[in-house]
Novice: 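Sharing a structure here in structure tokens format.
As the structure lists them, so they are numbered: ligands from 1, and atoms in each ligand from 1.
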Amino acid sequence: MTSPQDNQSDNKPTAKLTPFTYENDVYQAGRKGQKPSITFNCFEWETLAKGRLSADSYGYVWGSAGTRETDDNNKKAFKKWGIVPSRMVKSDFPDLKTKLFGETYDYPIAMAPVGVQRIFHPDGETASAKAAEKEDVTYILSTASATNIEDVAKANGDGSRWYQLYWPTNENNDITVSLLSRAKAAGYKVLVVTLDTYILGWRPSDLNNAYNPFIRPDDIGVAIGFSDPVYRRKFEKEHGKPIEEDLETAATEWAHTVFPGVSHGWEDLKFLQEHWDGPIVLKGIQTVADAKKAVECGVQGIVVSNHGGRQQDGGIASLDVLPEIVDAVGDDLEIIFDSGVRCGADILRALALGAKMVLIGRPYIYGLAIQGEAGVRHVLKSLLGDLNLTLHLSGIKSVSPEHLNRSVLRRTDN
Ligand SMILES: Cc1cc2nc3c(=O)[nH]c(=O)nc-3n(C[C@H](O)[C@H](O)[C@H](O)COP(=O)(O)O)c2cc1C
Ligand SMILES: O=C(O)C(=O)c1ccccc1
């Protein structure tokens with residue numbers, strides 16, 4: 001990636017003729033007869049992944065709730081906003097840096113928490129976390145991961161990482177405290193609490209395959225539970241044997257611990273705030289009313305997300321609720337966005353509507369399925385390269401709200 005600069009004098013066009021961009025590398029390699037090993041067509045990543053994965057695994061990542069209406073709406077919503085370019089803007093490549101929670105992040109994208117990644121590639125989360133570090137993109141680790149908190153931190157090295165909590169409901173909260181202290185000790189800086197998944201949604205593709213990777217005993221989605229000292233002790237005390245002697249029961253009980261079928265309430269947030277001293281972000285907010293409750297509770301951020309349409313059918317697009325939520329609480333906490341982002345223009349649109357950061361879900365998992373770490377890196381570099389050029393060719397100097405805001409968009413459906 002180019003390192004963006006914005007300190008050029010105002011009266012000279014200064015964009016470098018041969019920037020060190022991904023596309024430039026690819027075109028240069030082409031002169032020597034080398035063709036890229038993975039497509040640059042972002043929609044074909046899904047098709048390629050389908051060719052590589054078992055029907056069960058592909059169905060799991062592609063799957064959405066019910067009739068897929070929420071997922072369809074997510075994708076259609078981006079098309080309702082056209083990007084209107086400004087001309088004669090003298091500037092270098094845009095500055096992609098974004099500020100959240102008092103920190104500067106190199107890029108305005110992060111990798112959404114996605115569980116069970118070893119069903120997509122044997123290297124699973126390790127490959128994704130390595131790719132994240134190499135591309136300077138934040139990795140968000142899911143509680144439903146196939147790799148434990150400490151091993152992912154090791155793979156991520158000096159990279160930026162956040163931890164996503166599926167919030168156990170056991171009586172005295174000791175498992176929650178254990179997960180939080182492990183995440184803190186392993187260098188995860190921000191706690192993302194997912195609110196929309198206290199039970200998995202109605203997913204016809206998984207039902208047809210009779211497939212739920214999370215309840216398998218081969219530690220595909222239970223690595224964090226199985227490696228947790230508090231959960232291990234609790235299991236042993238209750239069953240009189242270690243987890244290893246009854247993986248089946250241990251997996252089922254862990255699933256019930258983190259997906260209890262009942263939501264926590266707003267009042268419970270206090271407990272997390274007492275046990276986590278960094279920023280807390282609530283993922284899954286879709287209404288102004290809930291966004292205001294998040295402000296009242298004193299959390300530092302929200303992810304406007306409908307889980308990529310995987311949880312509730314018949315929902316509206318996550319992008320459609322973003323502007324009203326930004327208008328209501330944008331000055332009070334940080335707003336992050338996900339659901340349906342597939343290309344650079346989609347990232348641009350979500351940022352223009354007021355998000356400070358955009359999470360990428362399925363696309364990087366398709367990259368993982370196609371070529372492990374290299375596949376994830378390809379997807380990240382492609383999305384950033386596409387974003388970079390789309391901004392630049394729209395005459396937008398940076399992703400800060402000063403330059404990238406609603407004035408660059410026009411509704412196309414009225
Ligand atoms: C296979 C898969 C597993 C996921 N697992 C989690 C998870 O463990 N925790 C979570 O908060 N969200 C999870 N999500 C939702 C993503 O974090 C994100 O909200 C969603 O993928 C965004 O939509 P998109 O796929 O259209 O980009 C998962 C999504 C997929 C596709
Ligand atoms: O599939 C999902 O969307 C999800 O959040 C999840 C839940 C449990 C295990 C793996 C992923």
Novice: Check the angle between the aromatic planes of Y22 and F40 and answer parallel, tilted or perpendicular using the 30° and 60° thresholds.
Specialist: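 Ring orientation, 0 to 90° scale: tilted.
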
Novice: Closest heavy-atom contact between F337 and S318?
Specialist: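 Shortest heavy-atom contact: CE1-OG, 3.3 Å.
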
Novice: So how far is it from L333 CG to I280 CD1, rounded to the nearest 0.5 Å?
Specialist: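 Reported value, rounded in 0.5 Å steps: 12.5 Å.
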
Novice: If we set the cut-off at 4.0 Å for heavy atoms, which region of H307 has an atom near ligand 2: side chain, backbone, both, or neither?
Specialist: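 Looking at H307 and ligand 2, just side chain atoms fall under 4.0 Å.
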
Novice: Which of the numbered atoms in ligand 2 are under 4.0 angstrom from any heavy atom belonging to L200?
Specialist: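 Those of ligand 2 that fall under 4.0 Å from L200 are 7 (C).
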
Novice: So if I count the atoms of ligand 2 from 1 in the order they appear, which ones are less than 4.0 Å from some heavy atom of F214?
Specialist: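 This gives 8 (C), 9 (C) as the contact atoms.
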
Novice: Keeping N306 on the side-chain end and I316 on the backbone end, is there a donor-acceptor pair under 3.5 Å?
Specialist: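 It does hold such a pair.
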
Novice: CG/D228 to NZ/K234 distance, rounded to the nearest 0.5 angstrom?
Specialist: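 If we round to the nearest 0.5 Å, D228:CG and K234:NZ are 11.0 Å apart.
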
Novice: Can you give me the closest heavy-atom contact between K241 and F235, atom names plus distance?
Specialist: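 Reported closest heavy-atom pair: O-CD2, 3.5 Å.
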
Novice: Enumerate the pairs of nitrogen or oxygen atoms, one from ligand 1 and one from the protein, separated by less than 3.5 angstrom; state names and distance to 0.1 Å.
Specialist:
from, atom 1, to, atom 2, distance (Å)
ligand 1, 5 (N), G115, N, 3.2
ligand 1, 8 (O), G115, N, 3.4
ligand 1, 8 (O), S142, OG, 2.6
ligand 1, 9 (N), Q164, OE1, 3.1
ligand 1, 9 (N), Y166, OH, 3.0
ligand 1, 11 (O), T194, OG1, 2.7
ligand 1, 11 (O), K283, NZ, 3.0
ligand 1, 12 (N), P113, O, 3.2
ligand 1, 12 (N), K283, NZ, 3.0
ligand 1, 14 (N), P113, O, 3.3
ligand 1, 14 (N), H307, NE2, 3.4
ligand 1, 17 (O), P113, O, 2.8
ligand 1, 17 (O), K283, NZ, 3.0
ligand 1, 19 (O), K283, NZ, 3.0
ligand 1, 19 (O), D338, OD1, 3.3
ligand 1, 19 (O), D338, OD2, 2.7
ligand 1, 25 (O), R362, N, 3.0
ligand 1, 25 (O), R362, NH1, 3.0
ligand 1, 26 (O), G340, N, 2.9
ligand 1, 26 (O), R342, NH1, 3.2
ligand 1, 26 (O), R342, NH2, 2.9
ligand 1, 26 (O), R362, NH1, 3.2
ligand 1, 27 (O), R342, NH1, 3.3
ligand 1, 27 (O), G361, N, 3.2

Novice: Of all the atoms in ligand 2, which lie at a distance below 4.0 Å from a heavy atom belonging to A144?
Specialist: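 So the atoms of ligand 2 that pass are 8 (C), 9 (C), 10 (C).
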
Novice: For S400 and S398, does a side-chain donor sit closer than 3.5 Å to a side-chain acceptor?
Specialist: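 Short answer, yes.
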
Novice: Quick check: does any side chain N or O of Y139 sit under 3.5 Å from a backbone N or O of A110, one acting as donor and the other as acceptor?
Specialist: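 Not confirmed, Y139 side chain does not pair with A110 backbone.
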
Novice: When you measure from atom 6 (C) of ligand 2 to every protein heavy atom, which one gives the shortest distance, and what is it?
Specialist: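 Of the protein heavy atoms, Y60 OH, 3.5 Å lies nearest.
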
Novice: Less than 4.0 angstrom from a charged side-chain N to a carboxylate O is my criterion; do D332 and K292 meet it?
Specialist: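 No salt bridge links D332 with K292.
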
Novice: Atoms of ligand 2 less than 4.0 Å from R203 heavy atoms?
Specialist: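 What qualifies from ligand 2 is 1 (O), 2 (C), 3 (O).
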
Novice: If you count the atoms of ligand 2 from 1 in the order shown, which ones are under 4.0 Å from a heavy atom of F259?
Specialist: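 Going through ligand 2 atom by atom, the ones under 4.0 Å from F259 are 7 (C), 8 (C).
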
Novice: Counting non-hydrogen protein atoms only, what is the nearest one to atom 5 (O) of ligand 2? Give residue, atom name and distance.
Specialist: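 Of every protein heavy atom, Y166 OH, 2.6 Å lies nearest to atom 5 (O) of ligand 2.
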
Novice: Give, for atom CG of L359 and atom CH2 of W162, the distance between the pair rounded to the nearest 0.5 Å.
Specialist: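 Rounded to the nearest 0.5 Å, the CG-CH2 separation comes out at 7.0 Å.
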
